[in-house]
Number of protein chains: 2
Amino acid sequence: MFEDRIHKILWAVVESYITSPDPVGSRFVTKKYEFNLSAATIRNTMADLEELGFLQQPHTSAGRIPTDKGYRFYVDYLSQRESAADDHLTNEIIGRLRVISNDINGLLEEASKMLSTFSHYLGVALSPRPEKTTFRGINLFAYREGSIMAVFLTDEGIVKNKVIRLDSGLTQRDLNRISDYLNSEFSGQTFDDIKARIVREMYREKILCDTLIAKAIRICEEAFSFDYGNVFISGLSEVLGLPDFSDLQRIKEISRAIEDKHLIVKLLDALSHSEGVQVVIGSENPAAEMKKFSLVLSSYKEGARPIGTIGIIGPTRMDYLRAITIVDATARFITRVLSER
Amino acid sequence: MFEDRIHKILWAVVESYITSPDPVGSRFVTKKYEFNLSAATIRNTMADLEELGFLQQPHTSAGRIPTDKGYRFYVDYLSQRESAADDHLTNEIIGRLRVISNDINGLLEEASKMLSTFSHYLGVALSPRPEKTTFRGINLFAYREGSIMAVFLTDEGIVKNKVIRLDSGLTQRDLNRISDYLNSEFSGQTFDDIKARIVREMYREKILCDTLIAKAIRICEEAFSFDYGNVFISGLSEVLGLPDFSDLQRIKEISRAIEDKHLIVKLLDALSHSEGVQVVIGSENPAAEMKKFSLVLSSYKEGARPIGTIGIIGPTRMDYLRAITIVDATARFITRVLSER
DNA sequence: CATTAGCACTCTAGCCTTGAGAGTGCTAAA
DNA sequence: TTTAGCACTCTCAAGGCTAGAGTGCTAATG
């Protein structure tokens, strides 16, 4: 498995600690893993590992626990060997998700619940990043005096609505004409593309000064500027059962993270660019509030384009193998559902 | 204020306990409230109150704390005297809410946050009960093979979308005709009314057997059957700071309540029928999971019709006066916003 | 020279005791 | 009817003690 003894032992310590939250001592290692070495030798090696920054002691004369660097070693090794596909687990997840999969937000909400029930950590699912989705249709309604309600539909099956303030006496007929125009013109393009085009068009129309079209474009300008999408976070009660969250301080930290959805969105958006499942361990985390938690993330795609992110948030002492399997299976499944039409 | 000494003392105990979470003893009452009675007398009265079920002792030789019945006495008295309008608080709430108030879901989400930040308890806001809202318009899109996406707009400014499975080769033109028909036919009616009418229509159309209309009605039937609306719950981190939630057990209870939004919806829906602010204390609560918490609720209305509910969830040891003021102000404000068009 | 056995040392967690403090209930006096 | 007094009860925090686990170092071993 490993060549160096030092790696074997580090691996053993991490694995053991992940399995049960007791600091692991030298004697324990000799018993559970058969290295044919005495406790004293293990002790020396573990002292080395501590000096190298892979392990630490909660206090003198307790066993050792991994540092973030230690977990990193463990996870990197996990990733190296071909992903140990736990087919049983994968199938179970897919089986449960298959039941619903009607509209995408429902699917994502269910996915976040699934992620949490299977992992016993927090499950997170971000709806597709608005600017990456493909425009399908728009409807405009005269909503109140001076306000228009715009309702979008995207290819991904997302419905978004937005109130636009506009001081103009547009009738419902005008609005219908505008929306017909927009639908024929922009349907099938991503919002990113559309925005770029609008900027060009605006310039042209300013010169032509066609009032209706000009107004239409003004509406677009507002309508197509999006805030973040939905975030689905589940599993708080799941997490509270964990030994890692037995003290109030940590509970407060995690619950603050849950309430501050904006932070989560930014974090996940920032991190999820690379291919496949990504693991962020404790202090590797860019956000200060998250430096005590680990993230396991993956993007789901439409075709080849990654459009959104799902993942798991848990303590650094996480069952990474299981978490990676779960996240991977879920992301793949969502990707498949999105391609199936 | 009260005539009977026994009431005076009960009031004092409840108020004192609400102010700070220490069981209140007889000596403490004599000092803080000037009854010109000795501790011994207070003691006797308190023993009486315990026998009557208004107070209880956590253990022999601790002070007394109110039972749910004790709180009920306190709240009933609060309601009797004309609602002590804390104008300052009311204005502050309204001022903060005024900023947004664009679409109703945004308003409700903000309202739930406001309820929690002002009260330091959980803030809850239910979006209007779907069947009570007024239908404004519908749009149908051919979504996938065998599926139709229906998007509704209500007078209240809510957008709802629903995927309808239908194995029929309806073109987008057909769908447009159907939605035009529905819009002209049903616009301005509540979903309750519409449902009733559909049943009648269905019967007629079955006989006439006009395929398009028949299909339209089939769509309606599915489209107008709603699940619950949105629920917005905020303030978990707020609540965790409270002395009432210093032990893990209670935290788990409340977090389970937050995750089980369905329960909250059912509970609030079931309770909010009467006029004005309503207070449900601990064991008065119909749901077993909620018997340790108190609710302060009020409906918001459109015109005269109550269409949704907001409220506060907190421990039974709650600052009821403040909570009532906050809930009342918020509900009134939402009602006003909904009328302002 | 790497490995191991042995041993003294350290630190925690749990348990018990102890004493202070708070509050009660009861009785007898005012 | 109210009050003063007093013995009693119970909790909570602090201190002390022990058992247990694990370490680091040293000297012996193959």
Side-chain angles (χ1 to χ4, degrees), chain A residues 2-10 12-17 19-67 70 243-244 246-248, chain B residues 2-10 12-17 19-67 70 243-244 246-248:
Chain A
F2 292 103
E3 295 158 34
D4 308 351
R5 168 160 81 216
I6 195 166
H7 290 151
K8 276 187 189 166
I9 292 177
L10 176 52
V13 172
V14 178
E15 195 184 69
S16 162
Y17 187 62
T19 312
S20 92
D22 309 310
V24 0
S26 55
R27 235 181 94 75
F28 184 81
V29 173
T30 61
K31 278 194 180 167
K32 186 150 182 194
Y33 302 84
E34 309 203 334
F35 292 136
N36 293 324
L37 290 171
S38 77
T41 312
I42 307 283
R43 262 205 293 286
N44 287 328
T45 316
M46 280 167 83
D48 292 346
L49 281 166
E50 181 159 10
E51 216 168 326
L52 291 168
F54 289 100
L55 297 179
Q56 72 189 92
Q57 285 180 290
H59 53 265
T60 338
S61 127
R64 256 92 174 189
I65 63 175
T67 59
D244 310 75
S246 54
D247 85 299
L248 215 74
Chain B
F2 291 102
E3 295 156 34
D4 308 351
R5 167 160 84 216
I6 195 166
H7 290 150
K8 275 187 189 167
I9 291 178
L10 176 53
V13 172
V14 177
E15 194 184 70
S16 162
Y17 187 62
T19 312
S20 93
D22 308 312
V24 359
S26 55
R27 235 181 94 75
F28 184 82
V29 173
T30 59
K31 278 194 180 168
K32 188 151 180 194
Y33 303 82
E34 307 203 336
F35 292 136
N36 293 325
L37 290 171
S38 78
T41 312
I42 306 284
R43 261 204 293 287
N44 288 328
T45 315
M46 280 166 83
D48 293 347
L49 281 166
E50 181 160 8
E51 217 168 325
L52 292 169
F54 290 100
L55 297 180
Q56 73 188 95
Q57 284 180 291
H59 52 265
T60 338
S61 122
R64 256 92 174 189
I65 62 175
T67 60
D244 310 75
S246 54
D247 86 298
L248 216 72

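Numbered from 1 within each chain, the chains take letters A, B, ... in sequence-line order.
The closest side-chain heavy-atom distance from A:Gln56 to A:Ile65 is below 4.5 Å. With a 4.5 Å cut-off on side-chain heavy atoms, A:Lys8 and A:Tyr33 do not count as touching. Contact of the A:Leu37 side chain with the A:Arg5 side chain is registered, since non-hydrogen atoms from C-beta on lie closer than 4.5 Å.
Within the 4.0 Å cut-off from OP1 or OP2 of C:dG23, not a single side-chain nitrogen or oxygen of B:Arg64 is found. Considering only side-chain N and O atoms, B:Thr41 lies under 4.0 angstrom from the phosphate OP1 or OP2 of D:dT3. Using a 4.0 Å cut-off, no side-chain N or O of A:Ser61 falls inside it from OP1 or OP2 of D:dT23.
Listed for the B:Thr67 side chain is a donor-acceptor partner under 3.5 Å among the backbone atoms of B:Gly53.
Counting only heavy atoms from C-beta on, A:Arg43 has its side chain closest to D:dG24 among D:dA4, D:dG24, C:dA5. Distances from the side chain of B:Ser26 to the nucleotides C:dT24, D:dG24, C:dG25 place C:dT24 closest. Checking C:dT3, D:dT23, C:dT4 against every side-chain atom of A:Arg5, the shortest atom distance belongs to C:dT3. Side-chain proximity of B:His59 to C:dT3, D:dT2, D:dC10: nearest is D:dC10. Of the candidates D:dT23, D:dC10, C:dT24, D:dC10 carries the atom nearest the B:Thr60 side chain, counting heavy atoms from C-beta on.
One interatomic measurement links the two molecules: NZ of A:Lys31 to P of D:dA21, which rounds to 9 Å at whole-angstrom precision. The separation between A:Ile42 atom CD1 and D:dG24 atom P is 13 Å, rounded to whole Å. Put simply, CD on A:Glu50 is 12 Å from C1' on D:dG22, counting in whole angstrom units. Here the P atom of nucleotide C:dT24 and the CD atom of B:Gln57 are 7 Å apart, to the nearest Å. In this structure, A:Ile9 places its CD1 atom 12 Å from C1' of C:dT3, rounding to the nearest Å. One atom, CD1 of A:Ile65, and another, P of D:dA21, lie 19 Å apart when rounded to the nearest Å. Between the CG atom of A:Leu55 and the P atom of D:dT23 there is a distance of 11 Å, rounded to whole Å. Distance, A:Asp48 CG to D:dT23 P: 13 Å, rounded to whole Å.
Both B:Ala62 and B:Ala40 lie close to DNA chain C; mapped to their nearest nucleotides by heavy-atom distance, the more 5′-ward contact belongs to B:Ala62. Between A:Asn44 and B:Leu37, the residue anchored nearer the 5' end of DNA chain D, judged by the nucleotide with its closest heavy atom, is B:Leu37.
Of all heavy-atom pairs between B:Pro58 and B:Pro23, the closest is CG-CG, 4.0 Å.
Counting atom types as modelled, B:Arg27 pairs no side-chain N or O with a base atom of C:dG23 as donor and acceptor under 3.5 Å.
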